[in-house]
**Q** 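I'd like to ask you about the structure that follows.
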Amino acid sequence: MIRLSMRAEVNRAVLIGIVLFALVGCASVDPYASPPMAQNLQREDDVGYCARLFADIDRRVDTLGVRDAEAHRVDGFPYLRVDRFSVALAQRLKGPVQEQVWRARLQQLDETARATELTNAALSVDDLPRCRSLLDAADAVAIKELHASATVPDDYNIGMRALGIYPLTRLPFAAGIARWQDDTRSAFATPIDVLPMHGRLQRYGPPQGISGPVPASNVDPLGVPVFSAAEAAALFARHAPVLEIDVAGEFDRIGALKLDAEDQVIVDAAAPVVYTRLTYTLLGGLIHPQLVYTFWFSERPRSSGSTLDLLAGRLDGVVWRVTVDSRGDPLVYDSIHACGCYHLFFPTEKVVARELPVTLDESLFVPQSVPAARSGERVVLRVESGTHYLQRVSMTSEAQSATAVVYRLQDERTLTTLARRGGGTRSAYGQDGFIAGSERAERWFYWPMGIESAGQMRQWGHHATAFVGRRHFDDPQLFDAYFEVRR
């Protein structure tokens, strides 16, 4: 029996990957082909005009390649879009008032996405808001059809898992995940003053001035906390973390995402920015706000002395999330990288972890518990050089963080309309939800786990966080499966 060389093994894996992606892909579904939209297109009244207007705009958007991938158009109702939180809300609807508020959320998701698409396509269409309302009113009786179609595609590719013989290949992956978890526990158990250093520690922090708890001023009929713009800004400022980064090169400095002359996404480290997003989760029967912070690095450099680093590549992002209670106080912290990798949970004393069955699937991984930040305190995230792995979560006072380089908080949706050097705008994300140019070599080896382009940076709503099993970062049921709130 001839033993293949390492080069031959790599070539074989790449060939399999190329064949795989040629054969397996996400089937494109035409949302205009199903009722009630299929019938609306045939009408010769205002409803028919509006249906054809939306169809024409979508054709232009697809032709220009500026589709926003965050929320999904609803099959048969393409003037509405849905995300995983909206799907979860649909299961809680009771009565016509809640149904109306839920449909309004789907309209808002479409308005947000289309604003991005029209801006990037340099199109202006004044009639869309009127037409969206008209179509929704015309289709109001199709409640069962809407609920059946309002789904979000799984970010796991079943075909890839089938071709990769997932039931067998998941075994070595599970062993590798166990080793990574052991290494992570070891790093978090190491005294912080003896953690390996490759450069010098640099702190980044938000503008000074910590406010107190910021509860929502209102709750809508679905039980979703509603914040004014000022309240949301105060909440994000209250919980914004201090970053303590081992800086050994420019690749360890956070910055703003911009487009270069070739429309490639780059990081401007001269403008430290942390991007924010307000989301929600279900926990203990209530809907809790989640504050999402994302900071970006120019690259994950190749590890020293390595000729083949599967994880290295352009751009690297770290996502930090704070789940808060009705008073605006922290319940759980968690984190991933912008590829969906390395999901870590940091519960506070206000929750208790549920007892979970032991399986091969990736589940709740807690390398450290964290006390809820008290008044005048901020969370500090210790970040390793190069890999940008989290190594510790601690607390600091406002006074102790005064010397940090100040970063600016900015709405993450601004990344969908970045300015182009030659004029106009373009999203940082492609129509597939990925950032072009941030691919990793690991995708040629990790595809049997069913995650397309593993390691590549991706848009909100597309973060599969488990190689073994199935888990999505934006799943609003996830925290209720893992934690109980202490009474």
Side-chain angles (χ1 to χ4, degrees), residues 21 24-32 54-55 57-75 77-87 105-121 123 128 149-157 160 257 259 263-265 275 277 279 292 294 296 315 317 319 336-341 411-418 420 424-440 443 450-465 471-476:
F21 293 126
V24 180
C26 294
S28 178
V29 177
D30 180 6
Y32 290 87
F54 269 91
I57 293 300
D58 275 336
R59 279 193 293 269
R60 297 191 195 190
V61 164
D62 288 332
T63 298
L64 294 171
V66 293
R67 173 74 57 209
D68 185 70
E70 183 177 311
H72 299 267
R73 287 179 297 165
V74 180
D75 188 23
F77 305 80
Y79 51 88
L80 304 176
R81 302 202 192 195
V82 67
D83 57 13
R84 289 190 173 90
F85 180 57
S86 301
V87 173
R105 291 189 68 87
L106 271 58
Q107 288 190 39
Q108 183 58 56
L109 287 172
D110 186 70
E111 288 177 15
T112 299
R114 286 190 187 276
T116 289
E117 292 164 355
L118 293 174
T119 297
N120 292 338
L123 295 173
L128 282 182
S149 296
T151 59
V152 175
D154 198 317
D155 282 298
Y156 290 88
N157 189 309
M160 290 168 67
L257 292 191
L259 298 178
D263 275 354
Q264 290 292 304
V265 180
Y275 295 94
R277 170 182 294 272
T279 63
V292 183
T294 304
W296 288 97
L315 299 179
V319 182
I336 58 169
H337 280 217
C339 54
C341 321
D411 186 347
E412 188 184 64
R413 281 293 302 180
T414 59
L415 296 181
T416 61
T417 51
L418 295 176
R420 304 175 73 178
T425 59
R426 205 207 78 183
S427 178
Y429 312 101
Q431 295 192 108
D432 54 6
F434 299 151
I435 299 183
S438 67
E439 297 86 349
R440 301 297 197 256
R443 69 190 187 278
I451 297 177
E452 297 186 36
S453 196
Q456 190 169 3
M457 306 298 111
R458 54 199 72 206
Q459 191 171 9
W460 181 262
H462 296 274
H463 296 106
T465 66
R471 187 174 61 187
H472 297 87
F473 193 62
D474 61 324
D475 178 3

**Q** Determine whether V152 and D474 make a side-chain contact, defined as any pair of heavy atoms from C-beta on separated by less than 4.5 Å.
**A** no
**Q** Tell me, do D58 and R114 make a side-chain contact under 4.5 Å, heavy atoms counted?
**A** yes
**Q** What closest approach, in Å, do V66 and A121 show between heavy atoms, and which atom pair accounts for it?
**A** CG2-CB, 4.0 Å
**Q** Could you state the interatomic distance from CD (Q107) to OH (Y79), rounded to the nearest 0.5 Å?
**A** 8.0 Å
**Q** Using every non-hydrogen atom in the two residues, find where L259 and D263 come nearest and quote the distance to one decimal.
**A** CD2-O, 3.7 Å
**Q** Verify, without hydrogens or angle tests, whether T417 (side chain) and T425 (backbone) share a donor-acceptor contact under 3.5 angstrom.
**A** no
**Q** Please identify each residue that fulfils side-chain contact (heavy atoms from CB on, under 4.5 Å) with T279, with sequence neighbours left out.
**A** R277, Q290, V292, W460
**Q** Kindly indicate, with the supporting measurements, whether the criterion side chain to side chain contact (heavy atoms under 4.5 Å, CB included) is fulfilled by N120 and L64.
**A** CA-CA 9 Å; N120 292 338; L64 294 171; over 6 Å; no
**Q** Taking E117 for its side chain and D68 for its backbone only, find out whether a donor-acceptor pair lies under 3.5 Å.
**A** yes
**Q** List the residues meeting side chain to side chain donor-acceptor pair (under 3.5 Å) with R105, not counting sequence neighbours, and say none if there are none.
**A** none
**Q** Taking all non-hydrogen atoms of both residues, which atom of T151 and which atom of V82 are closest, and how far apart?
**A** O-CG1, 3.4 Å
**Q** Counting N and O atoms only, with roles assigned by atom type, does the side chain of Y275 sit under 3.5 Å from a partner on the main chain of L415, one being a donor and the other an acceptor?
**A** no
**Q** Is the shortest heavy-atom distance from the side chain of D154 to the side chain of H472 under 4.5 Å?
**A** yes
**Q** CD1/I451 to SG/C341 distance, rounded to the nearest 0.5 angstrom?
**A** 7.5 Å
**Q** Would you say Y32's side chain and F54's backbone share a donor-acceptor pair under 3.5 angstrom?
**A** yes
**Q** Roughly how far apart are I336 CD1 and F473 CZ, rounded to 0.5 Å?
**A** 4.5 Å
**Q** Taking only Lys NZ, Arg NE, NH1 and NH2, and the carboxylate oxygens of Asp or Glu, determine whether D110 and R73 approach each other closer than 4.0 Å.
**A** no
**Q** Assess, by modelled atom type and distance only, whether the side chains of R471 and T465 contain a donor and an acceptor separated by less than 3.5 Å.
**A** yes
**Q** Does any N or O in the side chain of R458 come within less than 3.5 Å of the main-chain N or O of S453, such that one atom is a donor and the other an acceptor?
**A** yes
**Q** Output all residues satisfying side chain to side chain donor-acceptor pair (under 3.5 Å) with E111, sequence neighbours left out; order by chain, then residue number.
**A** none
**Q** Can you name the nearest heavy-atom pair linking A150 to V87, along with the distance?
**A** O-CG2, 3.5 Å
**Q** To check you understand the geometry: which heavy-atom pair defines the closest contact between P31 and D75, and what is its length?
**A** CA-OD1, 3.4 Å
**Q** Please identify each residue that fulfils side chain to side chain donor-acceptor pair (under 3.5 Å) with R426, with sequence neighbours left out.
**A** none
**Q** What I'd like to find out is whether the side chain of H463 reaches to under 4.5 Å of the side chain of D155, using heavy atoms alone.
**A** no
**Q** Determine yes or no for a side-chain-to-main-chain donor-acceptor pair under 3.5 angstrom, with Q456 supplying the side chain and I435 the backbone.
**A** yes
**Q** According to side-chain contact (heavy atoms from CB on, under 4.5 Å), who are the partners of D432, at least two apart in sequence or on a separate chain?
**A** F434
**Q** Checking the side chain of R443 only, and the main-chain atoms of R440 only, is there a donor and an acceptor separated by less than 3.5 Å?
**A** yes
**Q** Taking only residues two or more places apart in sequence, or in another chain, which ones meet F85 in a ring pair (Phe, Tyr, Trp, His ring centres under 6.0 Å)?
**A** Y280
**Q** Please report the shortest heavy-atom distance between G437 and Q264, naming the atom on each side.
**A** CA-OE1, 4.1 Å
**Q** Could you check whether any side-chain N or O of T416 sits under 3.5 Å from a backbone N or O of T116, counting only pairs where one atom can act as donor and the other as acceptor?
**A** no
**Q** Any donor and acceptor pair, going by atom type alone, linking the side chain of H462 with main-chain N or O of A69 inside 3.5 Å?
**A** yes
